[in-house]
Amino acid sequence: MHTNSLKSVLPRKQKAPSFQLSARGHWSTWPAFASGQTVLKNHKPCCAPEERMPSNKQALLTIPKPRYLEQLESYLRKELQYLDLTQRNSQELRLQPYREIFEFFIDNFKTYKPLLSAIKNEYEATLAHQKETIRALEPLKAMVTTVSEECSQQILALQEKEKVEIDMLKQEKQHLLKFIDNMKEEKSSLQTQVERLQMSVAEEYTRYLNEYNARKLLLAKLNDMHNEQLNVKRHQVQDVKGEDVVKLTLALKIARQDLTKTQVKLNAMIADYGDVVPRREFESLEKKYSDLQQEMETLKKDFDQLHKEYQTLLEIQRETAEERDNFFTELQQAQRSCTPRPNWAKCSEVIPGGADRWGCLAEGKTSDQLVDVLLEEIGTRLLKEMNVFPGRGKGDKVPVYLRHVGEVKNKKLTKKDVVDILKDIWKEKIALEQQTGKRPVLPEFFLSYLQKRYGDTSAMEWSYTLYENMRLCPSNHVMSSFYNILTGKVGEEQYHLQNQLISNLQKELAACDSSNSGSLTSEQFRMALREAFPLKRRGSIQELVDASRYQLDSTEELIDYKSLFKEDEEGNPEPFVAKIRSQYVREKQEYLRELRNNLGDLKEVNAEDLKAAFCTIDPDIDGQTLDTYIGLVYEVGREQTDQEVVPVDTALERLLAGDVRRVGPAAREESKTDCVGEYGDFQY
């Protein structure tokens, strides 16, 4: 299998013609023509025009392999059979016979030998370079493998170490919680002792005050008795006969002088010692007060020390509470599937209407929502049993529509009656806005409407009845939205905006319904939703499509879009409209959550920082909309917002109550899961 052996075999054959010529003396284009194959003869563009054959005259040729080629192939097969391919460098061994064949091929064709030799040399140089590169990379491969194993071991060690630290922190957390409970109990005990001592001091003060008043009364009685004695003596002197008038006059004068001195001295003593207590009692009280004062100072020092420790523990408790909440959330998510569910079917036995009505109320609701339904049913039943409402008074903090002293009669309205009245109030208010061009405040308009319709005497009865029904029925959209706007929890703009969104959607659906049949295919319905809500994600659009088909079979293609906007007699919308409203709230919460994350760890925010945050999360927002949002937060004139700062939580609460929504498309992927948040998730 060496080069010399092949040279010794082939020299004779190299002298003979080793190639096939075509009919006109050109080199055969073999191996494009296999032995025994029939092919079309195609000349390359470099051939002379007179040598080209017309396409309609091409002949089918059968050309055998050249003999020299067969000898080379036979030699190559033998050399390859002799190779030991089990060795490590088997590929290099396989290359050697091919290299020798190529050298013979170069030697045979003298005309092309320089070019073919140059090609062979370039390939040999490239192969040598690649071998050197591979040889240099071999140590790096081993080093990478070693480093990878070391990193894996370090990661496992760190995980074990963190696991131990987490367990220690959990134990320390439990210990601190117990310590906090003990401190709370000790604080409560000390507070009880202080209150008891304060009561004791108050009782002592009352007793001393009574003694002081009794001493004053006693002194007054003594003065009266002294005056009576003087009067008796004066009468006795007058009764004495034969006494010398001069002597009696002198005695009287001296007695009066003594009386005056005595009276002055008595008055001085009264002034100086009227509030004085006996020394024995004073010393006893002084000693007792000193002991109490020392005890109080000791308790105060202990309390200050405990207060500092309590603040420190409270800070630690906040940190551990956050960690606990995270663990608790994960635990809830992990245990939700195996949490025992209550048997809600039992509620049908106590709900009016039985199992049918309870089935309608409970359809598609979570356990938390079912609790709200039960509370609403209980509250509604109790409301019907009440004959009067207690008045809330006429204080400034009482809403204008509830300012009344005394009892107010319950009109005992049904939900349908309440919904009809509220819809009529909205109708009258919108009509007044269109006439005057101004939007009246809802609480004042609510009261004026009731006074105009039912009179001043009955207005409060209707007001209290409507208010209590709205408060106890949060599941009814008409009543809950009116109540939230009436109490200032939500801005009135949200109500009008949601109605405008639904109205625009109805117009888009009607525009897609060219036949005016009231029905659309699923694809047409989806396109209309995208036109009406261009900023919604695909998942939200799919939710609306699913809500529109909740009563349809899977085989039905047409959607009756007009029936999706109907309401029952109590004002409850179809699931499609309810889904639109819930998505509006969810998208607003998601928008504000992005704003909160962009503000970072700020506790207070000014107008410039808030504008920058809005422009970051919503680059397409315009200046007018931005000023409107800033005005919702600071509730002052535009010229004053630059100097004012408000807490971040307060700013987010005000934005949540107003009409705040995204102007441009969200800078996130369509595949991301929709965030379902409560403002409690938002945790503002």
Side-chain angles (χ1 to χ4, degrees), residues 165-226 261-325 327-328 395 397 601 603-604 645 647-650 683:
E165 290 180 355
I166 289 173
D167 293 337
M168 293 176 61
L169 287 175
K170 286 183 178 179
Q171 294 176 0
E172 186 178 357
K173 171 190 166 186
Q174 295 296 330
H175 174 70
L176 290 176
L177 288 175
K178 292 180 180 178
F179 186 72
I180 289 172
D181 292 337
N182 294 334
M183 291 297 103
K184 287 182 178 179
E185 293 178 0
E186 189 173 353
K187 177 184 174 183
S188 176
S189 175
L190 293 175
Q191 187 66 30
T192 304
Q193 293 181 16
V194 171
E195 291 176 355
R196 186 164 58 249
L197 292 175
Q198 288 177 347
M199 292 176 60
S200 176
V201 171
E203 290 175 358
E204 290 294 328
Y205 175 79
T206 304
R207 188 168 65 83
Y208 291 143
L209 184 62
N210 292 335
E211 287 186 5
Y212 170 74
N213 294 330
R215 285 175 180 276
K216 282 189 174 181
L217 292 174
L218 181 59
L219 289 174
K221 289 182 180 181
L222 289 174
N223 290 333
D224 292 340
M225 292 175 63
H226 181 69
K261 293 179 181 179
T262 305
Q263 190 68 37
V264 171
K265 188 176 180 180
L266 179 61
N267 291 335
M269 292 182 65
I270 291 173
D272 292 339
Y273 303 104
D275 297 333
V276 175
V277 297
R279 187 173 187 84
R280 183 180 299 172
E281 294 183 6
F282 172 76
E283 292 176 351
S284 175
L285 290 174
E286 187 177 24
K287 183 179 180 182
K288 187 176 181 180
Y289 173 77
S290 177
D291 296 339
L292 291 174
Q293 186 70 19
Q294 292 178 358
E295 186 177 357
M296 178 66 74
E297 291 177 356
T298 304
L299 292 175
K300 186 177 181 181
K301 291 179 181 179
D302 294 342
F303 176 76
D304 292 339
Q305 182 65 25
L306 289 174
H307 183 69
K308 292 180 181 178
E309 294 178 359
Y310 171 74
Q311 292 296 333
T312 304
L313 293 174
L314 187 62
E315 188 66 27
I316 298 174
Q317 191 268 342
R318 287 197 190 99
E319 297 176 358
T320 54
E322 293 179 0
E323 184 180 359
R324 178 202 62 194
D325 294 340
F327 287 143
F328 183 71
K397 295 184 179 180
D601 297 329
K603 300 299 181 182
E604 293 182 341
V645 295
V648 174
D649 293 342
T650 303
Q683 305 293 338

Is the closest side-chain heavy-atom distance between F179 and E309 below 4.5 Å?
-> yes
Report yes if some heavy atom in the side chain of I180 is under 4.5 Å from a heavy atom in the side chain of Q317; otherwise report no.
-> yes
Interatomic distance, OG1@T312 vs CD1@I316, rounded to 0.5 Å, equals 6.5 Å
Would a distance-only check, ignoring hydrogens and angles, find a side-chain to backbone donor-acceptor pair under 3.5 Å from S284 to R280?
-> no
When rounded to the nearest 0.5 angstrom, what distance separates CZ in R324 from CD in E322?
-> 10.0 Å
Rounded to the nearest 0.5 angstrom, the CD-CG distance for E211 and L218 is 12.0 Å
Test: R207 and E203 ion pair at under 4.0 Å | no
Enter the distance from E295:CD to T298:OG1 here, rounded to the nearest 0.5 Å.
-> 7.5 Å
Side-chain contact test, heavy atoms from C-beta onward, threshold under 4.5 Å: evaluate it for F303 versus L299 and give yes or no.
-> no
Side-chain contact, heavy-atom cut-off 4.5 Å: Q171 with H175?
-> no
Examine distances only and state if a side-chain atom of S290 and a backbone atom of E286 form a donor-acceptor pair shorter than 3.5 Å.
-> no
Are the side chain of T206 and the backbone of A202 linked by a donor-acceptor contact shorter than 3.5 Å?
-> yes
Is a side-chain donor or acceptor of S200 paired with a backbone partner of R196 at a separation under 3.5 angstrom?
-> no
Minimal heavy-atom distance between M183 and L306, with the atoms involved, is SD-CD2, 3.1 Å
Are K300 and E297 close enough, and set up right, to give a salt bridge (Lys or Arg N to Asp or Glu O under 4.0 Å), and what steps lead you there?
-> CA-CA 5 Å; K300 186 177 181 181; E297 291 177 356; over 6 Å; no
Close side-chain approach of L266 to N223, heavy-atom, < 4.5 Å | yes
Is there side-chain contact between Q311 and H307, with heavy atoms separated by less than 4.5 Å?
-> yes
Residue pair Q305, K301: steps toward the side-chain contact (heavy atoms from CB on, under 4.5 Å) verdict = CA-CA 6 Å; Q305 182 65 25; K301 291 179 181 179; over 6 Å; no
Please list, chain by chain and in numerical order, all residues satisfying salt bridge (charged side-chain N to carboxylate O under 4.0 Å, His left out) with E186, sequence neighbours excluded.
-> none
State, yes or no, whether a side-chain contact exists between K173 and E323 at a heavy-atom distance under 4.5 Å.
-> no
Answer whether the closest heavy-atom distance between the side chains of Y289 and E204 falls below 4.5 Å.
-> no
Residue set satisfying side-chain contact (heavy atoms from CB on, under 4.5 Å) with E172, at least two apart, ordered chain then number -> L169, L176
